[in-house]
Protein chains: 4
Amino acid sequence: MPKETNGNAQTRLRPSEIQRRVLDAAFESVLRIGFRAVTVESISAETGIAKTSIYRRWPNKAAMVMDAFVFRIGPCIGFPPSDDHIGSIRKQMLALAKAFRGPAGTMIKALLGEAQFDVELAEAFRKHWLLPRREIAIAAVHVAINSGELRADVDVQVTLDALYGGLYYRLLTGSGPLSDTYVEGLFSHVIEGLRAVPRTPVSRAVEITQRKRSR
Amino acid sequence: MPKETNGNAQTRLRPSEIQRRVLDAAFESVLRIGFRAVTVESISAETGIAKTSIYRRWPNKAAMVMDAFVFRIGPCIGFPPSDDHIGSIRKQMLALAKAFRGPAGTMIKALLGEAQFDVELAEAFRKHWLLPRREIAIAAVHVAINSGELRADVDVQVTLDALYGGLYYRLLTGSGPLSDTYVEGLFSHVIEGLRAVPRTPVSRAVEITQRKRSR
Amino acid sequence: MPKETNGNAQTRLRPSEIQRRVLDAAFESVLRIGFRAVTVESISAETGIAKTSIYRRWPNKAAMVMDAFVFRIGPCIGFPPSDDHIGSIRKQMLALAKAFRGPAGTMIKALLGEAQFDVELAEAFRKHWLLPRREIAIAAVHVAINSGELRADVDVQVTLDALYGGLYYRLLTGSGPLSDTYVEGLFSHVIEGLRAVPRTPVSRAVEITQRKRSR
Amino acid sequence: MPKETNGNAQTRLRPSEIQRRVLDAAFESVLRIGFRAVTVESISAETGIAKTSIYRRWPNKAAMVMDAFVFRIGPCIGFPPSDDHIGSIRKQMLALAKAFRGPAGTMIKALLGEAQFDVELAEAFRKHWLLPRREIAIAAVHVAINSGELRADVDVQVTLDALYGGLYYRLLTGSGPLSDTYVEGLFSHVIEGLRAVPRTPVSRAVEITQRKRSR
DNA sequence: GGCTAAGCGAGACGGTACGTCTAGTCTTGGG
DNA sequence: CCCAAGACTAGACGTACCGTCTCGCTTAGCC
């Protein structure tokens, strides 16, 4: 008979269980009371897991919350498939904006805010959040260029910064809503000018996408 | 004989002098040791001005540093004039990127980072930094539309988010340099597609501007 | 036409009016919120009289409250006349105990407490409160000795310390009530042994005084 | 080999050692610079023990000094044995007066002064200083009554208030010396009148005790 | 199968800064 | 000249977390 998780309630927690409980509590706490109000001590008190055990795993609160974010959100926001490669970028932008409106947005605001004061956190954020998504997007744009959807002289990095920069700008400055309409506009304003075969005016593109959505 | 500022070194500081000294010290300290390391107490110690006097004017460190930023940077980054209205936006972007590479960039990173946890600071940052510049840019785009440089169906807000969002994205994520070349690329990728009379490929525009700069 | 108090509300207060208002406010405030909570600033705020004007008259809070005490209480607790000189001491003790149970007790607790840390206040308290009363009591005891009520070898100071010390002890330590019964007991326990013609046991004296009071 | 106290100077202090150092420093500081001038911060600075650690044990300065008093003085002033029970009270009064003339007097003045503004301190002072001594004295008086030294109708509380009240009165008001002669006088003035078999005049009793002491 | 090393909870520790409070001084401007 | 108004320096207050540490106890894993 394998030992299993051991039914004895008094038993010590397995390391993986400790990690799970801490990250869950951290995630929920950030959403509930905000990153600033969350404390290693408060997580310790809430979970009953000793501060020592938390500090053994993460050097500080930021690293812990970063892990909580990756643990819970990281893998969730994929890159939706699409017939055309350009359209798949549009779809990813819509998915990202939707995420920004929910818990993930709260976490990203906090983590990117904190990252301005913590180079290790900044590095981790780039590595675990920004780069994975960016690489997929880069590939999509490359394919779009190679397939003739976009011009050959398009600069991939610049294009993606224009597309995604707008989303992050609104998230971080709170200077406007992250609505689907906004995302469509952002996408069409940037992309239409980069197409190999130019389309009609941008606003028409917006109208089209809006018409589509209302169906 | 007017009383004047009074040459007596022993005299008490005038309120405006207190404000100036505190803001100067705050500004320099943020650049030297970083926002996190700056403390109301350290500013008090450095300037010899009582903590009480600082707290009488600003509710907390963030508000004080925000004021220091406005006091020292705020009015400096203007909107360079240009023959064409679109060109003036390009010039402002270049000026902004240059500022981002210097002290202003350090301050903005700190303030925007902190603003993620402080709604009052966020509001102040929008009011004193983002909006004034945005309004000038909006006007420039409107004029460009009315004069026929840009299409009539261009969405001003979306366009500016695409242009400036990229700059703030790189500033805050550190995901790439804020070089003039990058700015030119960002500008041309977004703008060329929005012109009433389409131009040649974006990369050609980049080449042109680069040629200009090398002269 | 004499100037009078001047109906103009805007007129400046006369010095004596300032003193009266400050002392009244100080007295009431000590009773209402306690000596510790009273502040020169709070008195200033309450009366609308500038801190400067208060500090011009009193060196600190303690001196101000001492004055308020003298101004309001000082003259109130007299030395009741009595047929026999000893009886007049008894009556003064009863009057003092009654005062101790009211506002005067609150003030004396505060002033004597504070006086433990402020020699000037201690001196003022002795001069304005303790000594005036003590001198009358000393005279009463002397007369009682000379008239043959008390023994010739009675030490006046010691006797008065025993009589009044008990009252102050209870006031300051809160180790028991300052009831009339207690005062009668204290008086008779000390005095009976000092009479030239010894009386019956002390408890009988207590019974007698109690009988008197019930009539 | 037992672990022992560990000779390593670099080791952290044991809790009991922290307590001892703080209380010692508090005691000495009160004597040296006075209760008012003593500060939790100054004790922290002097001992090198963190303010936090002090506040973890005591809620404020008064409680800390109270503990310092009990720790150093509390158990020292006993109740000297004597052949007769009344004489043992006299001896205790002499011992107490002697203590009042030294460091204990300084501490008691400060604590009882502060206790006028701090009910918790007042309670602690009664519990740790006044009551233990009072209970022994009560017992002594009871024995004296039962053995026939004192009258049966003597009120113990009143008697002790008369005896000890005088001592505290002089300590707190500074209205006279706390000399042995004074104590003898106080004792005999109060006690002689309460004896079952009356003695000669009080002043004679004083003379006798003085004669004894000069031998 | 017993010993050892590591992980664990609990929570005290030294530290830093917070934002508040009060004291007592000083300046300004009005009457 | 005296006042009110109120800003100023000075410095202690008591709190909150930080990240480190000791302390026993428990549990695995290694011999």
Side-chain angles (χ1 to χ4, degrees), chain A residues 3 6 8 10-15 17-18 36-45 47-61, chain B residues 3 6 10-15 17-18 36-45 47-61, chain C residues 8 10-15 17-18 36-42 44-45 47-56 58-62, chain D residues 3 6 10-15 17-19 36-45 47-61:
Chain A
K3 228 198 247 168
N6 182 346
N8 184 352
Q10 212 51 17
T11 201
R12 217 200 303 176
L13 296 172
R14 295 197 319 286
E17 178 66 5
I18 288 181
R36 274 293 154 89
V38 171
T39 285
V40 172
E41 287 201 332
S42 71
I43 297 297
S44 168
T47 58
I49 285 161
K51 244 173 31 157
T52 329
S53 299
I54 298 177
Y55 276 111
R56 197 172 298 117
R57 283 155 218 268
W58 299 278
N60 51 48
K61 173 175 75 166
Chain B
K3 230 197 246 172
N6 183 347
Q10 212 50 18
T11 201
R12 218 202 306 176
L13 296 173
R14 296 195 318 287
E17 178 66 5
I18 287 181
R36 278 291 156 90
V38 171
T39 282
V40 171
E41 287 203 331
S42 71
I43 297 297
S44 168
T47 58
I49 286 161
K51 235 173 32 157
T52 327
S53 298
I54 297 178
Y55 277 111
R56 196 174 300 116
R57 283 155 216 268
W58 299 279
N60 50 50
K61 175 175 74 166
Chain C
N8 185 349
Q10 213 49 17
T11 200
R12 215 198 300 176
L13 296 173
R14 295 197 319 285
E17 179 65 8
I18 288 181
R36 274 293 155 91
V38 171
T39 285
V40 170
E41 284 201 330
S42 72
S44 167
T47 58
I49 286 161
K51 248 177 20 162
T52 330
S53 300
I54 298 177
Y55 275 112
R56 211 189 319 282
W58 299 277
N60 52 48
K61 173 175 76 167
Chain D
K3 228 198 248 172
N6 182 350
Q10 211 52 17
T11 200
R12 220 201 306 176
L13 296 173
R14 296 196 317 286
E17 178 66 6
I18 288 180
Q19 166 167 333
R36 277 291 156 91
V38 170
T39 282
V40 171
E41 287 204 332
S42 71
I43 297 296
S44 168
T47 58
I49 285 160
K51 232 173 34 157
T52 328
S53 299
I54 298 178
Y55 276 110
R56 216 188 315 280
R57 282 156 216 266
W58 300 279
N60 51 48
K61 175 175 74 166

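A note on names: the letters A, B, ... follow the listed sequences, proteins ahead of strands, and every chain is numbered from 1. Values below: every heavy atom of this structure, side chains too, minus hydrogens, waters and symmetry copies. Because the structure is predicted, anything quoted here is derived from the model rather than measured.
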Exercise for the section: Indicate yes or no for a side-chain donor-acceptor contact from A:Ser44 to the backbone of A:Val40 under 3.5 Å, with no hydrogens or angles considered. Expected result: no
Exercise for the section: Grab the CD1-P distance between C:Ile18 and F:dC2 for me, whole Å please. Expected result: 12 Å
Handout entry: Expected output: side-chain A:Ser42 to main-chain A:Val38 donor-acceptor under 3.5 Å
Key = no
Completion exercise
Output for pair (A:Ile49 CD1, A:Glu17 CD), nearest 0.5 Å, gives 7.5 Å
Handout entry: Atom-to-atom span, CD1 of A:Ile54 to P of F:dT20 - whole angstrom
Key = 14 Å
Fill in the blank from the handout: note: D:Ile49, atom CD1; E:dA12, atom P; distance rounded to Å ~ 15 Å
Handout entry: Euclidean distance, atom CZ of residue B:Arg57 to atom C1' of F:dA7 [Å, nearest integer]
Key = 8 Å
Completion exercise
Checking F:dC17, E:dC8, E:dC18 against the side chain of B:Val40 (C-beta onward), the nearest is E:dC18
Exercise for the section: Report the residue (B:Ala37 or C:Tyr55) whose heavy-atom-nearest nucleotide on DNA chain E is the more 5′ of the two. Expected result: B:Ala37
Problem - Length of the CZ-C1' vector between A:Arg56 and E:dG9, whole Å - result: 10 Å
Practice task
Please evaluate the base of F:dG14 for a donor-acceptor partner in the side chain of D:Lys51 within a cut-off of under 3.5 Å?
Solution key: yes
Exercise for the section: Look up atom CZ in C:Arg36 and atom OG1 in C:Thr39, then write down how far apart they are to the nearest 0.5 Å. Expected result: 11.0 Å
Compile the donor-acceptor pairs under 3.5 Å between side chains in residues 50-57 of chain A and protein atoms, sequence neighbours left out, one pair per line.
{"residue": "A:Lys51", "atom": "NZ", "partner": "A:Glu41", "partner atom": "OE2", "Å": "2.9"}
{"residue": "A:Arg57", "atom": "NE", "partner": "A:Ser53", "partner atom": "O", "Å": "3.3"}
{"residue": "A:Arg57", "atom": "NH1", "partner": "A:Pro15", "partner atom": "O", "Å": "3.4"}

Problem - Atom pair distance, as rounded to whole Å: CZ in D:Arg36 and C1' in F:dG11 - result: 16 Å
Handout entry: Euclidean distance, atom CH2 of residue D:Trp58 to atom C1' of E:dA12 [Å, nearest integer]
Key = 13 Å
Fill in the blank from the handout: With the side chain defined as heavy atoms from C-beta on, A:Ser53 is closest, among E:dA17, E:dC8, F:dA12, to E:dC8
Fill in the blank from the handout: The answer to which of D:Glu41 and C:Val38 contacts DNA chain E further toward the 5' end, by nearest nucleotide, is D:Glu41
Completion exercise
Checking E:dT16, F:dA7, F:dA5 against the side chain of C:Thr52 (C-beta onward), the nearest is F:dA5
Practice task
Rounded off to whole Å, could you give me the NZ-to-C1' distance for the D:Lys61 and E:dC21 pair?
Solution key: 15 Å
